[in-house]
Engineer: 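Quick one: this structure, given as structure tokens, is what I'll be asking you about.
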Amino acid sequence: MSTNAELERIFDEMAKVLELTGANPFRVNAHARVARLMGDLTYDIATLADDPRKLTAIDGIGDGTARKIIEFVKTGKVAEHDELVEKVPRGLFQVMEIPGLGPKTVKLLWEQAGVTDLESLKKALDSGVVEKLPRMGAKTVQNIRDSLAFAAKAGERIRLGVALPIAEAIVERLRAVPGVTHIQYAGSLRRGRETIGDIDILASTTDENALFAAFTAMPGIEKVLVAGGTKASVRLERGVQVDLRILPEDSFGAALMYFTGSKEHNIVLRERAIKMGYRLNEYGLFPDDGDAAPHKRGVTPVASRTEQEIYRKLQLHWVPPELREDRGELDAAFQDKPPTLIELPDIRAELHAHTTASDGRLTIDELAAEARRRGFHTIAVTDHSKSSIQANGLNEDRLRAHIEAIREAQSRIKGITILAGAEVDILSDGRLDYADDILALLDIVVASPHVALKQEPGKATARLLAAIKHPLVHILGHPTGRLIGKRDGLHPDVNALAAAAAEHDTALELNANSLRLDLRDTHIKAAVDGGALIAIDTDAHCAEHFDELRYGILTARRGWLTPPRCINTWPAKKLHAWLKKKR
DNA sequence: GCCGTTTTCGGCCCGACTGTTTTCAGTCG
Ligand SMILES: Nc1nc2c(ncn2[C@H]2C[C@H](O)[C@@H](COP(=O)(O)OP(=O)(O)OP(=O)(O)O)O2)c(=O)[nH]1
Ligand SMILES: [Mg+2]
Ligand SMILES: [Mg+2]
Ligand SMILES: [Zn+2]
């Protein structure tokens with residue numbers, strides 16, 4: 001495991017133990033924030049450990065954390081972490097995952113009912129000791145029982161590509177309910193995160209009862225979890241939670257801001273509001289009169305209808321939802337000159353696609369027709385190379401014939417440029433799967449790792465750098481090789497890859513397939529900052545795969561990508577000239 | 001534990017829902 005990943009785990013565990021032992025919540029949060037930070041880094045934190053000032057320059061890292069990071073880099077452990085984890089049975093971490101059980105209740109169960117893990121919790125519930133505890137009653141016990149059965153699935157996140165179609169179907173269904181004036185999905189889905197914890201839907205309506213009734217009566221609902229005056233939550237049979245929040249139409253902008261989040265972005269905005277003499281909540285931006293819940297006291301908001309108005313009153317530019325992560329979007333980095341982020345219609349070319357020659361389902365003709373139908377000026381045929389045996393990769397003879405077939409197809413098909421290319425394997429030592437004389441025959445070369453995806457970070461970086469520096473390679477395909485929720489993939493130093501890619505004019509791929517999204521959002525940001533070009537490709541193996549482009553665009557926007565830095569947005573002439581430079 | 005164009009100490013977002021409570025703690029979004 002990498003230093004960053006180890007430190008992420010260490011600080012996460014410290015946060016959990018502190019929470020369970022009743023520490024100051026802000027101290028708990030500070031640790032959780034460090035853990036999140038470590039997970040987001042695109043370089044090895046150890047490279048900063050020679051000087052504490054380099055560490056404390058990072059927002060959220062103070063003297064104490066800097067000391068712990070340096071200690072870890074030197075000794076491989078953090079003494080305070082070791083002491084803390086001794087204090088609490090590890091099984092309690094799982095108990096904490098149960099919906100409805102927070103630190104206070106778990107502490108109580110542990111200290112007064114001897115609960116140390118899920119097993120002992122079950123026993124304590126059965127024996128009746130839990131019900132005798134303070135603030136515990138029959139209903140609470142039954143709720144814990146229900147949630148316990150669901151404990152394993154509670155923390156799971158679903159892929160964007162799975163969640164988005166479900167959300168769109170629910171929104172369309174509820175839009176038809178009489179009285180509904182506004183309805184849209186919000187939360188991590190609107191922000192385009194690669195995985196989604198639940199589906200959040202915001203609506204305004206003239207008939208709340210009708211909407212709640214329709215919501216809780218949808219087919220496929222396993223359980224209604226919450227049902228109040230302004231919000232309801234259900235769990236679908238497939239384990240996904242859906243939250244519906246209803247707010248007045250007058251408040252829709254404030255409501256959308258609140259429900260889109262992220263939580264961290266919301267908190268920074270609310271702190272800013274306080275400093276400016278306001279109070280921000282989901283009903284609007286109010287003048288601060290020192291009391292809570294201004295919306296209930298008839299206070300008139302200074303802004304509430306649209307997101308734009310609220311950001312403006314806070315003296316901020318409107319922030320695209322994908323950027324609302326407290327990753328600099330409220331700082332000068334964004335606010336001084338808001339970049340125009342890439343959009344779906346900007347994409348004019350698909351530069352990574354497979355045909356029946358390897359493991360695709362479309363012929364060359366069908367692939368070209370599909371790309372043309374989508375309005376692209378260029379499609380690259382990039383079938384697998386010889387080492388990818390399971391994918392029916394092409395040996396040199398088959399590749400030569402394939403190139404001929406592509407040229408022949410181009411002679412018949414008008415309205416789109418068909419490039420003869422390959423997705424060549426990057427072997428574990430960084431060499432490519434075809435010799436240079438073969439690669440030189442191709443209009444475009446995508447080089448991708450497919451095997452040895454558990455290599456240690458140093459080796460992985462060297463391997464990918466070799467491909468980036470190869471004079472015949474145009475694009476580094478799905479650089480980490482991860483499959484979301486299934487395979488971790490490589491952990492290269494992405495900052496180093498970006499620097500080399502910029503120097504050698506090689507594009508880094510953002511593979512848009514929702515299982516991959518590789519490079520991921522934080523990597524794209526690092527690549528953009530490092531001056532590298534990005535290629536957004538669907539890696540299409542069939543016609544439907546072209547539809548995954550939207551997930552690539554969302555991820556690209558989360559990485560602050562602008563059209564000029566994405567080669568798929570370029571006009572044909574510019575793109576083709578760029579490809580020819582390496583021939 | 002972190003942080004600072006009014007601060008190096010004293011804040012740190014704000015509201016809805018539930019169950020158990022007779023006035024609100026705990027959890028969640
Ligand atoms: N102000 C504030 N807003 C919050 C808080 N927690 C959640 N929200 C808002 C912002 C979130 O994006 C939105 C939906 O909450 P979720 O728990 O579903 O989070 P989100 O969708 O961002 O991520 P997820 O993928 O569901 O884990 O509600 C909070 O503690 N304070
Ligand atoms: Mg959510
Ligand atoms: Mg939610
Ligand atoms: Zn491919």
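Throughout, protein chains are lettered first and strands after them, A, B, ... in sequence-line order, and every chain is numbered starting at 1.
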Engineer: Assign P294(A) to base, sugar-phosphate, or nothing according to its heavy-atom contacts below 4.0 angstrom with the strands shown.
Structural biologist: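 Sugar-phosphate: the residue P294(A), judged by heavy atoms under 4.0 Å, touches backbone atoms but no base.
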Engineer: Step through the shown structure and confirm whether more than 12 heavy atoms of other residues, nucleotides or ligands are within 6.0 Å of CZ on R159(A).
Structural biologist: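 More than 12 within 6.0 Å, yes.
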Engineer: Of all the choices, dG1(B), dC13(B), dG15(B), which nucleotide is nearest to the side chain of T65(A) once you look at every atom?
Structural biologist: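 Given the options dG1(B), dC13(B), dG15(B), the side chain of T65(A) is closest to dG1(B).
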Engineer: Whole Å only: how far is the CG atom of D326(A) from the P atom of dC3(B)?
Structural biologist: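 After rounding, the gap between these two atoms is 12 Å.
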Engineer: Table please: side-chain donor-acceptor pairs of residues 180-188 of chain A below 3.5 Å, with sequence neighbours left out.
Structural biologist:
unit_1  : atom_1 : unit_2  : atom_2 : d
T181(A) : OG1    : S204(A) : O      : 3.1
T181(A) : OG1    : S204(A) : OG     : 3.1
H182(A) : ND1    : E249(A) : OE2    : 3.0

Engineer: Counting only side-chain N and O atoms of Q241(A), is one of them less than 4.0 Å from OP1 or OP2 of dC28(B)?
Structural biologist: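 False: Q241(A) side-chain N/O out of range (4.0 Å or more) of dC28(B) OP1/OP2.
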Engineer: Taking side chain as C-beta onward, heavy atoms only, is L121(A) less than 4.5 Å from I144(A)?
Structural biologist: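 Yes, their side chains come closer than 4.5 Å.
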Engineer: Need to verify one output field. Residue with the more 5' nearest nucleotide on DNA chain B, G60(A) or S233(A)?
Structural biologist: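 In this pair, the answer is G60(A).
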Engineer: Expressed as a whole number of Å, how far does the C1' atom of dC28(B) sit from that of dC13(B)?
Structural biologist: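 Comparing C1' positions in dC28(B) and dC13(B) gives a spacing of 14 Å.
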Engineer: dG11(B) pairs with which nucleotide, Watson-Crick or G-U wobble, both distances below 3.5 Å?
Structural biologist: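 dG11(B) is paired, partner dC2(B).
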Engineer: More 5' along DNA chain B: D63(A) or R279(A), using each one's nearest nucleotide?
Structural biologist: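 Counting from the 5' end, the first nearest nucleotide belongs to D63(A).
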Engineer: Taking side chain to side chain donor-acceptor pair (under 3.5 Å) as the definition, give me every residue that meets it alongside E19(A), ordered by chain and number, with sequence neighbours left out.
Structural biologist: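 With neighbours one apart ignored, the set is empty.
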Engineer: In whole Å, what separates the C1' atom of dG10(B) from that of dT6(B)?
Structural biologist: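 Here dG10(B) and dT6(B) have their C1' atoms 15 Å from each other.
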Engineer: Under the 3.5 Å rule, do the base of dG15(B) and the side chain of Y258(A) count as making a donor-acceptor pair?
Structural biologist: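 There is none.
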Engineer: Quick test: give all pairs of protein nitrogen or oxygen and nucleotides 5-12 of chain B nitrogen or oxygen below 3.5 Å, distance rounded to 0.1 Å.
Structural biologist:
unit_1  : atom_1 : unit_2  : atom_2 : d
dC12(B) : O3'    : E271(A) : OE2    : 2.9

Engineer: Output every pair passing ring-ring contact (aromatic ring centres under 6.0 Å, His included) with a member in residues 187-230 of chain A, not counting sequence neighbours, ordered by first then second residue.
Structural biologist: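 Non-adjacent pairs meeting ring-ring contact (aromatic ring centres under 6.0 Å, His included): zero.
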Engineer: Using the P atom in both, what is the distance from dT27(B) to dT20(B), to the nearest Å?
Structural biologist: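 Between the two P atoms, the distance is 14 Å.
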Engineer: Would you measure the distance from the C1' atom in dG11(B) across to the matching atom in dA16(B) and give it in whole Å?
Structural biologist: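 To the nearest whole Å, 25 Å.
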Engineer: Expressed as a whole number of angstroms, how long is the span from M96(A):CE to dC28(B):C1'?
Structural biologist: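 Nearest whole value for this atom pair: 12 Å.
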Engineer: Using whole Å, what does the distance between atom P of nucleotide dG1(B) and atom CZ of F11(A) come to?
Structural biologist: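 About 10 Å, once rounded to whole Å.
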Engineer: Over all strands shown, is N266(A) touching base, sugar-phosphate only, or nothing at heavy-atom distances under 4.0 angstrom?
Structural biologist: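 The answer is nothing, as N266(A) stays clear of every strand by at least 4.0 Å.
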Engineer: From K231(A) NZ over to L202(A) CG, what is the distance, rounded to the nearest 0.5 angstrom?
Structural biologist: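 If I round to the nearest 0.5 Å, the distance is 12.0 Å.
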Engineer: K107(A): which residues meet the salt bridge (Lys or Arg N to Asp or Glu O under 4.0 Å) condition with it, sequence neighbours left out?
Structural biologist: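 With neighbours one apart ignored, the set is E111(A).
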Engineer: Can you check the F286(A) CZ to dC14(B) C1' distance for me, whole Å?
Structural biologist: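 For the pair F286(A) CZ and dC14(B) C1', the rounded distance is 12 Å.
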Engineer: Between E13(A), K68(A), H31(A), which is the residue that forms a side chain to side chain donor-acceptor pair (under 3.5 Å) with H81(A)?
Structural biologist: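 One option only clears the test, and that one is E13(A).
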Engineer: What is the distance, to the nearest angstrom, from the CZ atom on R245(A) to the P atom on dA16(B)?
Structural biologist: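 So the two atoms are 6 Å apart, to the nearest Å.
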Engineer: Taking atom OG1 of T480(A) and atom NE2 of H523(A), what is their separation to the nearest 0.5 Å?
Structural biologist: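 Rounded to the nearest 0.5 Å, the OG1-NE2 separation comes out at 7.0 Å.
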Engineer: In whole Å, measure the gap between the P atoms of dC14(B) and dC9(B) for me.
Structural biologist: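 These two P atoms come out 25 Å apart once rounded.
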Engineer: Between P on dG1(B) and CZ on R27(A), what's the gap in Å once rounded to a whole number?
Structural biologist: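 Answer to the nearest Å: 4 Å.
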Engineer: Between dT21(B) and dG26(B), how many Å separate the two P atoms, rounded to a whole number?
Structural biologist: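 Rounded to whole Å, the distance is 14 Å.
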Engineer: For a quick check of understanding: with a heavy-atom distance under 4.0 Å over all strands, which category does A273(A) fall into, base, sugar-phosphate or nothing?
Structural biologist: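 No contact at all - A273(A) keeps every heavy atom at 4.0 Å or more from the nucleic acid.
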Engineer: Hey, are R324(A) and E307(A) close enough for a salt bridge, meaning a charged N less than 4.0 Å from a carboxylate O?
Structural biologist: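 Counted as a salt bridge, because a side-chain N and a carboxylate O are separated by less than 4.0 Å.
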Engineer: Is dT7(B) syn or is it anti, if syn means the base angle is within 90 degrees of 0?
Structural biologist: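 Syn for dT7(B); the angle stays within 90° of 0.
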Engineer: I'd like to know whether CZ of R53(A) has more than 12 heavy-atom contacts from other residues, nucleotides or ligands below 6.0 angstrom.
Structural biologist: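 Open.
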Engineer: Expressed as a whole number of Å, how far does the C1' atom of dC12(B) sit from that of dG19(B)?
Structural biologist: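 It works out to 29 Å between them.
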Engineer: For a quick check, with a 4.0 angstrom heavy-atom cut-off, what is the B/S/- contact string for nucleotides 17-27 of chain B, read 5' to 3'?
Structural biologist: SSBS----BSS
Engineer: Roughly how many Å is it from CZ in R36(A) to P in dC2(B), rounded to a whole number?
Structural biologist: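 So the two atoms are 16 Å apart, to the nearest Å.
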Engineer: Return the value, rounded to whole Å, for the distance between atom CD1 of I58(A) and atom P of dG1(B).
Structural biologist: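 The answer, rounded to whole Å, is 18 Å.
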